[in-house]
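To find a chain, count down the sequence lines: A is the first, B the second, and so on, and within it residues start at 1.
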There are 2 protein chains.
Amino acid sequence: MPEQSSASRRDELLSIAAGLFAEKGFKNTTVRDIADAAGILSGSLYHHFDSKESMVDEILRTFQDELFAAYDEVLASDDDPRTKIERAVRLSFESIDQHPNAVAIFQNEADYLGGFERFGYLAERNAQSRNVWMTLLTDGVETGALRADLDVTLTYRFIRDTVWVAVRWYRPGGGLSHEAIANQYLTILLDGIARDGG
Amino acid sequence: MPEQSSASRRDELLSIAAGLFAEKGFKNTTVRDIADAAGILSGSLYHHFDSKESMVDEILRTFQDELFAAYDEVLASDDDPRTKIERAVRLSFESIDQHPNAVAIFQNEADYLGGFERFGYLAERNAQSRNVWMTLLTDGVETGALRADLDVTLTYRFIRDTVWVAVRWYRPGGGLSHEAIANQYLTILLDGIARDGG
DNA sequence: GTCTATAAGAAGATAGAC
DNA sequence: GTCTATCTTCTTATAGAC
């Protein structure tokens with residue numbers, strides 16, 4: 001099965017590239033870096049991919065397709081608003097656990113890459129994410145699960161940034177599981193760090 | 001006064017470079033980009049600076065010297081632990097307001113640049129920041145101002161990341177002052193977003 | 001699927017004139 | 001303090017052999 005073998009090699013190279021892009025940044029990673037890490041010469045990469053750009057494009061698209069499918073599942077469920085928010089937070093940390101490189105690349109490069117036509121879908125996904133969270137939070141306030149005086153827009157940005165920034169220090173397989181981090185995060189987010197009644 | 005005029009021009013160029021580094025990233029900004037924005041040719045930049053690297057170095061050093069002087073002042077004060085934490089948070093948002101470009105550059109590039117000997121001081125400053133916050137939070141727990149069961153290390157990373165990430169969307173002079181953001185942030189952080197008693 | 005060889009352009013930096 | 005002119009190196013990408 002030549003196609004399957006070819007596909008595996010593609011995935012392997014993509015995984016190597018993702019690790020380097022995440023660690024050093026897209027621009028700081030040369031095609032020679034990727035080829036070296038894969039044990040081949042830089043020209044050989046072009047048998048598998050059109051360009052360095054198309055590599056990062058494929059990494060980001062694959063990751064985002066999966067992530068937003070998961071968000072859609074939460075939105076479509078009939079859980080109560082607070083449970084939906086918790087689920088959305090948990091699946092985000094799970095995503096950091098499963099695809100740390102893709103998350104890191106997205107966090108570090110999306111702003112810059114999004115300015116190019118080829119990566120316009122990054123801005124669309126950003127708007128889609130905003131819709132998901134604004135819906136969850138607005139429902140939370142309307143049903144009384146969240147404080148009535150909550151600034152929903154500010155809270156959306158707060159959650160978005162604070163969840164995904166964990167990719168900077170979280171290491172899969174380390175002492176702290178993504179479930180434990182999600183629990184701690186939800187505790188801080190939903191109950192605050194001030195002493196009860198303090 | 002040739003020195004003063006020279007110094008202003010230096011600062012002007014540094015400010016232009018900082019804006020580009022913050023917007024596009026260090027590696028994505030060429031010396032030609034900087035020169036174009038300043039209305040001169042790229043070669044002329046080297047009358048003022050040794051290299052592109054020395055420009056970002058000066059930007060980051062200046063910013064960090066000021067920031068850590070402010071932290072030291074809070075630490076040395078005789079405010080109670082909760083007030084110190086609030087002050088540290090407020091001065092961080094003020095720093096984002098005053099030096100948004102330097103903060104953005106630090107957030108985006110410190111991890112990568114810190115790997116080079118020349119930028120080793122970035123790792124030192126990182127450790128120093130950790131010490132500041134661990135001290136503030138440990139004091140907070142010991143005096144009963146913060147929950148006794150708080151994971152201090154996790155909370156430190158949480159505060160560090162959540163405060164500085166605001167540089168991604170905060171715009172000085174916009175509808176929201178840095179003081180207002182600090183207040184909202186402290187409300188979420190210290191009281192949580194859950195309904196009282198919910 | 002990888003290698004050899006190389007083209008084409010971009011980027012950081014320099015020397016000396018003005 | 002800036003410009004002209006240019007060097008060198010790095011980087012992406014290509015063509016064709018194996």
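Here the P atom of nucleotide C:dG9 and the NZ atom of A:Lys52 are 19 Å apart, to the nearest Å. Atom-to-atom, CG of A:Leu45 to P of C:dG1 comes out at 13 Å; the value is rounded to the nearest Å. Rounded to an integer number of Å, the gap from A:His47 NE2 to D:dT12 P is 20 Å. Nucleotide C:dA11 holds its P atom 12 Å from the CD1 atom of B:Ile34, rounded to whole Å. Residue B:Leu41 contributes atom CG, which lies 15 Å from atom P of C:dG12 at whole-angstrom precision. Spacing between atom OH of A:Tyr46 and atom C1' of C:dT6 amounts to 14 Å, rounded to whole angstrom units. We find that CG of B:Asp50 is positioned 15 Å from P of C:dG12, with the value rounded to whole Å. Atom CG of B:Asp36 and atom P of C:dA10 are 14 Å apart (whole Å).
The side chain of B:Thr30 sits closest to C:dA11 out of D:dG1, D:dT11, C:dA11.
Within the 4.0 Å cut-off from OP1 or OP2 of C:dG1, not a single side-chain nitrogen or oxygen of A:Ser44 is found. For the OP1/OP2 pair of D:dT2 and a distance below 4.0 Å, the side-chain nitrogens and oxygens of B:Arg9 include at least one atom meeting the criterion. Look at B:Ser51 and you won't find any side-chain N or O under 4.0 angstrom from OP1 or OP2 of C:dG12.
Between the side chains of A:Ser92 and A:Tyr71, at least one donor-acceptor pair of N or O atoms lies under 3.5 Å. For the residue pair A:Asp11 and A:Ser8, no side-chain donor N or O sits within less than 3.5 Å of a side-chain acceptor on the partner.
Residue B:Ser54 is out of contact with every strand shown, counting any heavy-atom pair closer than 4.0 Å. Across all strands shown, B:Ile40 has heavy atoms under 4.0 Å from sugar-phosphate atoms exclusively, and none from any base.
Put simply, the side chain of A:Thr138 never gets that close to the backbone of A:Thr135: no donor and acceptor are under 3.5 Å apart. With hydrogens and angles ignored, the 3.5 Å screen pairs a side-chain donor or acceptor of A:Thr162 with a backbone N or O of A:Ile159.
Each of A:Phe106, A:Phe26, A:Phe63 was compared with A:Phe21 under the ring pair (Phe, Tyr, Trp, His ring centres under 6.0 Å) criterion, and only A:Phe26 meets it.
Along DNA chain C, the nucleotide nearest to B:Gly43 and the one nearest to B:Asn28 differ in position, and the one closer to the 5' end is contacted by B:Asn28.
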